[in-house]
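The shown structure was predicted, so the numbers you read here are calculated from the model rather than taken from an experiment.
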Amino acid sequence: MERKKGTTAWIMEFAGQKRRFYVLSVLLAIVGTICQMVPYVVVAHMMKKLLSGNTELSGYLMDCLFMAAAWLVRVLMHAASTSCSHVATFAVLGNLRKQGLQKLERMPLGEVQKQGSGTLKNILVERIDSIETTLAHMIPEMTGNLCAVVATLGLLIWIDWRMALAALITFPVGLMCFMCMMIGYDKNYKRTIKATKHLNDTAVEYIGGIEVIKAFGKAKQSYEKFVAATKEGAASYVDWMRQSNLYFTFAMNIMPATLLTVLPIGGLLVRSGTLTLEAFLPVILLSMGLIVPILNCMSFSDDIAKMKTVIGEVTSILGAEEMPRPKTELIPMNEHTITLEQVRFGYHDKEEVLHGIDLTFREGTVNALVGPSGGGKSTIAKLIASFWDVNEGRVCIGGTDLRQIPAEQYHSLVAYVSQDNFLFDDTIRENIRMGNPSATDEEVEQAAKDCGCWDFIMGLEHGFDTVVGSGGGHLSGGERQRISIARAMLKGAPIVILDEATAYTDPENEAIIQASVANLVQGKTLIVIAHRLSTIVDADQIAVVNQGEIAGVGTHSALLASCPVYQTLWAAHTSAKDSLNGGKMYVSDL
């Protein structure tokens, strides 16, 4: 039902407690419009006095002072009105971003990844930011302009209804030109939106992949793709403007030209004696200000369309499917044994990846997931980490289906380190502390020591206060990985998942990390995904995953005796290690 809300309803909802500022903005705009009409009335009064032969200078001076005061109040009301609308608008933009980002936390990881980081960033940053001017100025200015039109037309009708109609004759003519200009509007507008999105995604892809582009000599090909997207983005607007320019020119020149009809019609009425000169002069003055406010209102049409599109994009995120989790009180967890019961899963409703998985990882044990690449090892780990929900079956922690555990509580139970780790653009100290925000500096530094980070951190110019850059780009892959492990260990979660967590570390630090992990996870449930089988031969349990099924479960020696898939993996591992030893290289160096 929420998807059927109108744009105004969404804006009022996003405005939250600041919505009263929009109401106040409208009221102030109306007061400003009343003050804006005062000079017209005063000038009409002055004309009457002049025609009657009144030459008293002091009276005209007072009239001028009154008009100046009205103008000053109008300026102050406009400033106050736009200030109120800006306060409410910034609240709307802030809530739009907050709710969008909070929604991403509740969505399945696959749904987030499917939209792409470039698209999401464009919506939540640039697209939302683009409606700030529209929201902040449209409400007070449209209100003021509409009130000005109503007030001016009301005055014209009060003076002479015939002249009011005469002042409106150019409006429908200009409106016809505008209607011609709107031919193909939906098609052209959708083209500009599509082209802009494509340009943004292409730019993000080009910049993000510049290292690969340079390494493989694809600069020309990638740049041509970016240039093509840029040209299409520009052409979508230029073609639209060329199509509309002639109609727009006629409309903007014909519609406000009210004197073309007011002067001859009013002159005839004055000549015939049915309209007095005293009434005709203010009509001329008022008619010149009748159409401009209407044009000002119409100028917001494109901005309103853009705003509807942006609100629609944000609400499409807010209305996306999310992983259902209770928002109740914390569930008592007496133990942390993990069980997968007849788990079936496929990404994005595509072909099934896991086919009826049954597994148990007992509390306090070291477990390994091994198997050929693409077999489903990381998928199992990510289901346990609650990045996705199973299609069928269930994943349980301590006998409780994880879908029945509040999200915040569940995330406190699991520490997950992948081979594709991510660091925030902050200091090393704060990146590690994210595992436990209440940790002291001493605890952060001890975690770094335990995970083999101390030496390289202290070798940096600013030590723990070194800023790692966006995504940790100022550090090597192995350094980022060790910091990620330290962060996970500092979390102190009872369940630890390491997905090839030592893939980028050198042999010396790998040994340090393995020794520290062995000490830190005592009494915890540890799940390790590994391709180097020599690193998990002492695991309490090894599960062999092949083509989405469990090919075998047991210890290293038991699997060597009973599991053909594991036998093949072990034979490939040992033969590769022997061949590399002859070349003075070790498999852990790869």
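In the displayed structure, M434 atom CE is contacted under 6.0 Å by more than 12 heavy atoms of other residues, nucleotides or ligands. In the displayed structure, E132 atom CD is contacted under 6.0 Å by more than 12 heavy atoms of other residues, nucleotides or ligands. Residue E408 qualifies as open at atom CD: its count of foreign heavy atoms under 6.0 Å is 12 or below. When the shell of 6.0 Å around CE of M179 is examined, it contains 12 or fewer heavy atoms from other residues, nucleotides or ligands. Within 6.0 Å of atom CZ in F178, more than 12 heavy atoms from other residues, nucleotides or ligands are found, so the atom counts as buried in its surroundings. Residue-environment remark: CE (M176) stays at or below the threshold of 12 foreign heavy atoms within 6.0 Å.
Counting heavy atoms from C-beta outward, C147 and T143 have side chains that approach closer than 4.5 Å. Two residues are said to be in side-chain contact when any heavy atoms from C-beta on lie closer than 4.5 Å; L24 and V26 fail this criterion. Between D465 and I428, the closest side-chain pair of non-hydrogen atoms is not below 4.5 Å. With a 4.5 Å cut-off on side-chain heavy atoms, H86 and T133 do not count as touching. The closest side-chain heavy-atom distance from M307 to I311 is below 4.5 Å. By the 4.5 Å heavy-atom criterion applied to side chains, P326 and I405 are not counted as neighbours. Looking at heavy atoms from C-beta onward, L120 lies out of side-chain contact with E313 at the 4.5 angstrom threshold. Here the side chains of V545 and P372 are not in contact, with every heavy-atom distance at 4.5 Å or above.
Put simply, CD1 on I432 and CD1 on I485 are 11.5 Å apart, with the number rounded to the nearest 0.5 Å. In this structure, I384 CD1 and Y410 OH are separated by 7.0 Å, a value rounded to the nearest 0.5 Å. Separating the NZ atom in K231 from the CZ atom in F226 is a distance of 12.0 Å, to the nearest 0.5 Å. Within the model, atoms CG of L93 and CG of D129 stand 7.0 Å from one another, a figure rounded to the nearest 0.5 Å. For the atom pair T230 OG1 and K225 NZ, the distance stands at 12.0 Å (nearest 0.5 Å). Distance check: C180 SG to F248 CZ gives 14.5 Å after rounding to the nearest 0.5 Å.
Side chain of S81 to main chain of S25: a donor-acceptor pair is present (N/O by atom type, distance under 3.5 Å, no hydrogens or angles). The backbone N or O of L475 sits less than 3.5 Å from a side-chain atom of R480, completing a donor-acceptor pair. Judged purely by atom type and a 3.5 angstrom limit, K491 uses its side chain to pair as donor or acceptor with the backbone of V414. In this structure, the side chain of K103 engages the main chain of L318 through a donor-acceptor pair within 3.5 Å. Counting only distance, with no hydrogens or angles, the side chain of Q243 and the backbone of N188 share no donor-acceptor pair below 3.5 Å. Checking side-chain atoms of N95 against main-chain N and O of A91 turns up a donor-acceptor pair under 3.5 Å. Listed for the H78 side chain is no donor-acceptor partner under 3.5 Å among the backbone atoms of R74.
Considering every non-hydrogen atom in both L96 and I131, the closest pair reads CD1-CD1, 4.2 Å. Closest approach of L402 and L383 over heavy atoms only: CD2-O, 3.7 Å. Scanning all heavy atoms of the two residues, the minimum distance from L153 to A164 falls at CD1-CB, 4.3 Å. Between N431 and F424 the shortest heavy-atom distance is OD1-N, 2.8 Å. In this structure, T82 and S85 approach most closely via the heavy-atom pair O-OG, 2.8 Å. Between Y416 and A385, the closest heavy-atom pair is CD1-CB, 4.0 Å.
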message: Determine whether L199 and T196 satisfy the following criterion, side-chain contact (heavy atoms from CB on, under 4.5 Å), listing intermediate values before the conclusion.
response: CA-CA 5 Å; L199 175 58; T196 303; 5.7 Å; no

query: Can you list the steps and then say if Y22 with L27 is a side-chain contact (heavy atoms from CB on, under 4.5 Å)?
result: CA-CA 9 Å; Y22 277 133; L27 294 176; over 6 Å; no

message: Apply side-chain contact (heavy atoms from CB on, under 4.5 Å) to residues Y189 and T309 and explain how you reach the verdict.
response: CA-CA 10 Å; Y189 184 70; T309 301; 3.0 Å; yes

Derivation and outcome, side-chain contact (heavy atoms from CB on, under 4.5 Å), residues I497 and V417: CA-CA 6 Å; I497 302 174; V417 181; over 6 Å; no

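Under 4.0 Å is where a charged nitrogen must lie from a carboxylate oxygen, and between D426 and R433 no such pair does. Ion pairing between E232 and R191 holds under the 4.0 Å rule for side-chain N and carboxylate O. Between E430 and R487 there is no salt bridge, since none of the side-chain N atoms of the basic residue sits less than 4.0 Å from a carboxylate O of the acidic one. For E126 and K121, the salt-bridge test passes: some basic side-chain N is under 4.0 Å from an acidic carboxylate O. Salt bridge annotation for K377-D499: absent, with no cationic side-chain nitrogen under 4.0 angstrom from a carboxylate oxygen.
Using a 30° and 60° split on the angle between ring planes, W388 and F345 fall in the tilted class, from 30° to 60°.
In this view, L101 and L104, L124 satisfy the side chain to side chain contact (heavy atoms under 4.5 Å, CB included) rule, not counting sequence neighbours.
A side chain to side chain donor-acceptor pair (under 3.5 Å) with S386 is found for one member of R403, H411, R325 and no other, namely R325.
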Counting only pairs under 3.5 Å, give me each side-chain donor-acceptor contact of residues 250-262, with atom names and distances, residues two or more places apart or in other chains.
residue : atom : partner : partner atom : Å
N253    : ND2  : T249    : O            : 2.7
T258    : OG1  : S287    : O            : 3.0
T261    : OG1  : A166    : O            : 2.7
T261    : OG1  : T258    : O            : 3.0

Do any side-chain atoms of residues 28-37 form donor-acceptor pairs under 3.5 angstrom with protein atoms, and if so which ones, sequence neighbours left out?
residue : atom : partner : partner atom : Å
T33     : OG1  : A29     : O            : 2.9
T33     : OG1  : G144    : O            : 3.1

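Donor-acceptor pairing under 3.5 Å is lacking for the side chains of Y185 and S244.
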